[in-house]
Amino acid sequence: MITVLSGGTGTPKLLQGLKRVVDNEKLSVIVNTGEDTWIGDLYLSPDVDTVLYTLADLINEDTWYGVKGDTFYTHEQLKNLGFDEVLKIGDKDRALKMHKSYYLRRGYKLSEIVEMEREALKIKAKVIPMTDDRVETKILANVDGKIDLLKFHDFWVKRKGDVNVLDVIYENCLYAKPCEKSLESLEKSDLVIIGPSNPITSIGPILSLKGIREILKDKKVVVVSPIVGNFAVSGPAGKLMKVKGYEVSIRGVYEFYKDIVDILVVDKTDKELAKELPCEVLITNTIMKTLEDKVRLAKNIIEFSGNL
Ligand SMILES: C[C@H](OP(=O)(O)OP(=O)(O)OC[C@H]1O[C@@H](n2cnc3c(=O)[nH]c(N)nc32)[C@H](O)[C@@H]1O)C(=O)O
Ligand SMILES: O=c1nc2n(C[C@H](O)[C@H](O)[C@H](O)CO)c3cc(O)ccc3cc-2c(=O)[nH]1
Ligand SMILES: [Mg+2]
């Protein structure tokens, strides 16, 4: 059994490789829900939806959200009516979000609804939201001289991450409970892969939930670094790691995961720096541009960790 911890871009790229390398019946993905939000009547679970679309081979690979080839008639018409959703939600994508909204309003748990969607999309791997409670990732920032607590989407989509970040907090993570199915899947796993997602806003919320880090201490955990050299391959991970006091390097990634990581997967460019890390290191090409890159990286990880 392999369990993967995922956000909504980096790890989904690796999942495209993994799903072609391992038995999908023995694959579970625990997904960050710290960016979930209501937009009007629509419940958005961006990272869960990206993982569902990725495993169903429907994902729009230019944006890493939404369905490839989708139309935006309803989004545009809402804007014409003066209701700007800000996030570009496609018509097919809207159906998935309406499906979640309908059942959430009728008291179903998010994990139960995602299970329905996984089956409807004929996905063999398990997709498990990190919690059925509400955990919200917030960005404490200095915006034009005023200290403000921003929702992740305000920070990342509206303001393009272009603010002076002071801190990142996971609201309610002390009281939220990990989803039962996520604990079960971690317990049953011979291997846990923490994908190359943003350590602070994608993996951090999952690890902040009671009991998760404890289970991972006794499991074989492979972490794929989202940082190459001194930069994130994409997005605000570098900036957010710095804010939380971590060096933007594979050393900083090791520090963030040091109590649970057994094998750190780093890019060839970090070969020298890797020598001083006190954990096992797999040095390989971790830049995933083509499907072959993704399959090769997935295969390298599975073989190196002795799970093929
Ligand atoms: C906004 C974005 O969050 P999200 O969309 O949830 O993305 P993730 O946190 O899942 O991943 C972002 C993370 O991914 C790293 N990345 C992207 N492509 C590659 C790659 O080919 N190789 C590799 N080693 N890492 C990759 C990237 O550095 C990002 O940090 C967000 O927070 O960025
Ligand atoms: O930066 C954007 N992210 C969009 N996202 C991605 C997303 O909300 C964030 O970028 C992720 O939360 C980052 O983790 C969407 C996700 C969905 O599920 C559906 C629609 C969108 C639309 C956008 C968008 O217009 N711009
Ligand atoms: Mg995300």
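In each ligand, atom 1 is the first atom listed, and ligand 1 is the first ligand listed. Positions are given from 1 along the sequence. Please read these numbers as outputs of a predicted model, since none were measured by experiment.
- For ligand 1, the atoms lying closer than 4.0 Å to a non-hydrogen atom of D47 are 6 (O).
- A side chain to side chain contact (heavy atoms under 4.5 Å, CB included) with I30 is found for one member of C179, S182, P178, S6 and no other, namely S182.
- In the candidate list E35, K158, H153, H153 is nearest to atom 7 (C) of ligand 2, counting heavy atoms.
- For K138 and F152, the positive end is not near the middle of the six-membered ring at less than 6.0 Å and at most 45° from its axis.
- The contact set between ligand 1 and I287, taken as ligand atoms under 4.0 Å from a residue heavy atom, comprises 21 (O).
- Summary of contacts: the protein heavy atom closest to atom 32 (O) of ligand 1 is N198 ND2, 2.9 Å.
- With hydrogens and angles left out, the side-chain atoms of N198 and T201 include a donor and acceptor closer than 3.5 Å.
- In this structure, atom 2 (C) of ligand 1 has no protein heavy-atom contact shorter than 4.0 Å.
- Residue L87 has at least one heavy-atom neighbour below 4.0 Å for each of these atoms of ligand 2: 3 (N), 4 (C), 5 (N), 8 (O), 15 (C), 21 (C), 22 (C), 23 (C), 24 (C), 25 (O).
- Among all protein heavy atoms, the one lying closest to atom 22 (C) of ligand 2 is Y65 CE1, 3.3 Å.
- In this structure, W156 is part of the shell of residues with a heavy atom less than 4.0 angstrom from ligand 1.
- The shortest N/O to N/O separation between G8 and ligand 1 falls below 3.5 Å.
- Between P226 and ligand 1, a contact under 3.5 Å exists for at least one N or O pair.
- Atoms of ligand 2 lying under 4.0 Å from at least one heavy atom of W156, given by number and element, are 10 (O).
- With atom 22 (N) of ligand 1 as the reference point, the heavy atom nearest to it among T286, L297, V233 is part of T286.
- On a distance-only criterion, M288 and ligand 1 share at least one N/O pair closer than 3.5 Å.
- The ligand atoms of ligand 2 that sit less than 4.0 angstrom from a heavy atom of K97 are 17 (C), 18 (O), 19 (C).
- Side chain of K219 to main chain of S189: a donor-acceptor pair is present (N/O by atom type, distance under 3.5 Å, no hydrogens or angles).
- Under 4.0 Å from ligand 1, not a single heavy atom of K289 appears.
- Here NZ of K19 is found 9.0 Å from OG1 of T54. Values are rounded to the nearest 0.5 Å.
- Interface atoms of ligand 2 facing D47, defined by a heavy-atom separation under 4.0 Å, are 14 (O).
- In P46, neither the side chain nor the backbone holds a heavy atom less than 4.0 Å from any atom of ligand 1.
- The closest heavy-atom contact to atom 33 (O) of ligand 1, among the options A237, P236, G7, comes from P236.
- A cation-pi arrangement is present between R106 and Y102, with the terminal nitrogen or guanidinium carbon under 6.0 Å from the aromatic centre and inside a 45° cone about the axis.
- Residue contacts with ligand 2 include F152, since one or more of its heavy atoms lies under 4.0 Å from the ligand.
- Scanning the protein for heavy atoms near atom 18 (N) of ligand 1, the closest one is K13 NZ, 3.0 Å.
- Among the atoms of P196, some N or O lies under 3.5 angstrom from an N or O of ligand 1.
- Set against the non-hydrogen atoms of P46, the atoms of ligand 2 under 4.0 Å away are 7 (C), 8 (O), 12 (O), 16 (C), 18 (O).
- Taking the Mg ion (ligand 3) as the corner point, the angle from E35 atom OE1 to D47 atom OD2 is about 100° (rounded to 10 degrees).
- Between L264 and the choices I194, V253, I283, L282, the side chain to side chain contact (heavy atoms under 4.5 Å, CB included) rule is met once, by V253.
- Listed by number with element, the atoms of ligand 1 under 4.0 Å from a non-hydrogen atom of A232 are 28 (O).
- Annotation: atom 29 (C) of ligand 1 to nearest protein heavy atom, S234 O, 3.1 Å.
- Looking at D93 and Y53, their side chains do bring a donor and an acceptor atom within 3.5 Å of each other.
- The protein atom (non-hydrogen) at minimum distance from atom 20 (C) of ligand 2 is K88 O, 3.4 Å.
- Within ligand 2, the atoms closer than 4.0 Å to a non-hydrogen atom of V157 are 1 (O), 2 (C), 3 (N), 26 (N), numbered from 1 in the order shown.
- Remark: distances from the non-hydrogen atoms of V224 to ligand 1 are all 4.0 Å or more.
- Residue contact check: D93 has heavy atoms under 4.0 Å from atoms 19 (C) of ligand 2.
- Shown are V221, D262, I260; of these, the side chain to side chain contact (heavy atoms under 4.5 Å, CB included) with V192 is made only by V221.
- Close N/O approach between G10 and ligand 1 is found [any backbone or side-chain N/O within under 3.5 Å].
- A donor and an acceptor atom, one from each side chain of N300 and T284, are located under 3.5 Å apart.
- Closest heavy-atom approach to atom 24 (N) of ligand 1 among the candidates S225, G195, S197: S225.
- Only the side chain of S202 comes within 4.0 Å of ligand 1, judged by heavy-atom distances.
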